[in-house]
Structures are given as structure tokens and as C-alpha cells.
Amino acid sequence: MTEGTTTKAAEGSDTLTRLEQEGEIAADYLEGLLDIADLDGDIDMDVEADRAAVSIISDSARDLQKLVGRDGEVLEALQELTRLAVHRETGDRSRLMLDIAGFRAKKREVLAALGAKAAEEVKSSGEPVKLEPMTPFERKVVHDAIAAAGLRSESEGEEPQRFVVVLPA
């Protein structure tokens, strides 16, 4: 092994360890929250796309809907609070993703389909397509779907009215 290869392997290992630590801190924080709210849920941790991913799952997903809120508003707030808890412990900014009762996973499927449909529309018409305003998470999923379809996209506007524009190739 060369020195550069060894260094890259060590950096990858350090990153994985750091992300796993973020997941552990987030899990502890969320377990405390579930206890306070008297809600049942299991916490699943993973590392996806260079970020810690934490999910709260339960046999009774209806109970967890309180933590998702309307259109995921409570979920977004809990994600930010969890990121702050991680930041407080590590001193580093966290990009952790939180999912509750599979809300984000379902939303990701719907948004990927929306992005693919918009890409097909742009391919057939040759004209740009503007989508409805979305959260940063939603825009990221749509941008990824459009890139997978071989097209470009951009975000325009100001929060909370920021939206994706799908551009011809």
C-alpha cells in the first residue's frame, strides 16, 4: 500500500467513526425525547451518503405521527434539534438525517417519481419546467432524480418559496 492509499483509508475510517458517533449521540437524545413524550419506538442508525441517518420506527406508527406532524413540519424541527444536540456534544456541524415512521422514505419515493416525470416532460418539450416550492430535503431528492435522468436542475427563489427548475440538456 502506498502512503496516499493508507491516508485515504484512514480518513474514510475516521469519517465513518465520526458519523457513527453522531448517530449514537442522536439516538441517545431521541430516546430521551421518546421517554419524555411517553412514546414507544425503536431507533435504527446507519450511515448513508456521507451522513448519519437515524430512524425512529414502531409497530404502532400512528403514535409516531405526532412526531412527524403535518407535512413533516415536526420532523424537520426534531431533526434540527437533534443536529443541535450532536453539535453540542461534538463541536462539529451535523448533516444528520432523521426519519420517523418511514415518512422520509415514502416521501423520497414520491419525489423521485416527480423528478423523473419532470425530466421526461423537459425531454419531450425541450422547455424548462418549474416545480412547486419544496424543503431542502425535497429539492435534494428531486435534483438527484433529474441528474439520474441525464438532465440539469437548479434551485431558484428564497426560502420558504425555493423551488426546482428542470433544464433541457
Side-chain angles (χ1 to χ4, degrees), residues 4-112 114-115 132-148 153-164:
T5 306
T6 305
T7 303
K8 284 186 180 184
E11 286 173 5
S13 176
D14 289 347
T15 299
L16 182 60
T17 301
R18 182 180 51 79
L19 293 174
E20 288 172 344
Q21 178 190 16
E22 281 187 22
E24 294 285 339
I25 294 166
D28 290 344
Y29 176 78
L30 292 166
E31 282 176 2
L33 178 78
L34 289 173
D35 286 344
I36 290 168
D38 195 28
L39 295 171
D40 289 327
D42 294 321
I43 300 188
D44 183 36
M45 296 176 296
D46 201 0
V47 174
E48 299 172 0
D50 289 336
R51 60 172 60 184
V54 178
S55 300
I56 301 175
I57 53 177
S58 174
D59 293 335
S60 175
R62 218 171 119 226
D63 287 345
L64 294 181
Q65 284 308 112
K66 297 170 189 169
L67 298 179
V68 173
R70 188 184 57 152
D71 294 327
E73 290 174 340
V74 176
L75 170 59
E76 290 289 335
L78 287 174
Q79 177 175 276
E80 286 307 310
L81 289 172
T82 305
R83 286 176 174 177
L84 287 171
V86 170
H87 176 74
R88 185 184 70 225
E89 292 290 322
T90 65
D92 294 327
R93 182 178 173 270
S94 174
R95 295 178 48 233
L96 174 131
M97 288 297 295
L98 175 63
D99 191 6
I100 299 174
F103 178 83
R104 280 198 201 276
K106 291 176 203 142
K107 189 88 167 175
R108 185 176 277 120
E109 288 176 19
V110 170
L111 291 166
L114 173 68
E132 294 296 314
M134 299 177 190
T135 66
F137 162 75
E138 293 169 335
R139 290 194 309 271
K140 170 76 169 101
V141 173
V142 171
H143 283 303
D144 290 348
I146 291 164
S153 58
E154 297 175 349
S155 291
E156 293 184 4
E158 299 293 323
E159 293 294 350
Q161 296 299 312
R162 201 156 166 80
F163 59 92
V164 174

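The one candidate from Leu30, Ile57, Asp28 that meets the side-chain contact (heavy atoms from CB on, under 4.5 Å) condition with Ile43 is Leu30.
Thr135 OG1 to Glu159 CD: the interatomic distance, rounded to the nearest 0.5 Å, is 8.0 Å. Here the straight-line distance linking atom CD1 of Ile100 with atom OG of Ser55 works out to 9.0 Å at 0.5 Å rounding. Summarising the geometry, atom CG belonging to Asp40 is positioned 7.5 Å from atom CG belonging to Asp38; distances are rounded to the nearest 0.5 Å. A distance of 10.0 Å separates CD of Glu22 from CZ of Arg93, quoted to the nearest 0.5 Å. Separating the CD atom in Glu31 from the CG atom in Asp42 is a distance of 9.0 Å, to the nearest 0.5 Å.
Under the 3.5 Å distance criterion, the side-chain polar atoms of Asp99 are matched with a main-chain donor or acceptor of Arg104. Side-chain N or O atoms of Arg162 include none that pairs as donor or acceptor with a backbone N or O of Pro136 at under 3.5 Å.
For Glu158, the CD atom sits in a loose shell: 12 or fewer heavy atoms of surrounding residues, nucleotides or ligands are nearer than 6.0 Å. Residue Asp35 qualifies as enclosed at atom CG: its count of foreign heavy atoms under 6.0 Å is above 12.
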- Task: Kindly determine whether His143 and Lys140 satisfy side-chain contact (heavy atoms from CB on, under 4.5 Å), including the steps that lead there.
- Result: CA-CA 5 Å; His143 283 303; Lys140 170 76 169 101; 5.6 Å; no
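By the 4.5 Å heavy-atom criterion applied to side chains, Lys66 and Val74 are not counted as neighbours. Counting only heavy atoms from C-beta outward, the side chains of Arg88 and Arg83 never approach each other to under 4.5 Å. A 4.5 Å side-chain heavy-atom check between Met45 and Glu20 finds every atom pair outside the cut-off. Between Phe137 and Lys107 the shortest side-chain heavy-atom distance falls below 4.5 Å. A heavy-atom distance below 4.5 Å is not found between the side chains of Val47 and Thr15.
Here the closest non-hydrogen pair linking Ile56 and Gly41 is CG2-CA, 4.3 Å. Summarising the geometry of Ala112 relative to Ala145, their closest heavy-atom pair is O-CB, 3.6 Å, with the distance given to 0.1 Å. The minimum heavy-atom distance between Leu96 and Ala26, with the atom names listed, is CD1-CB, 3.4 Å. Nearest approach of Leu64 to Ala101, heavy atoms of both residues: CB-CB, 4.1 Å. Counting all heavy atoms, side chain and backbone alike, Tyr29 lies closest to Ala85 at CD1-CB, 3.6 Å. Scanning all heavy atoms of the two residues, the minimum distance from Glu132 to Met134 falls at O-CG, 3.3 Å.
Between Lys106 and Glu109 there is no salt bridge, since no side-chain N of the basic residue sits under 4.0 Å from a carboxylate O of the acidic one. Here Arg18 does not pair with Asp14 in a salt bridge; the nearest charged N to carboxylate O distance is not below 4.0 Å.
A donor-acceptor pair shorter than 3.5 Å cannot be found between the side chains of Ser94 and His87.
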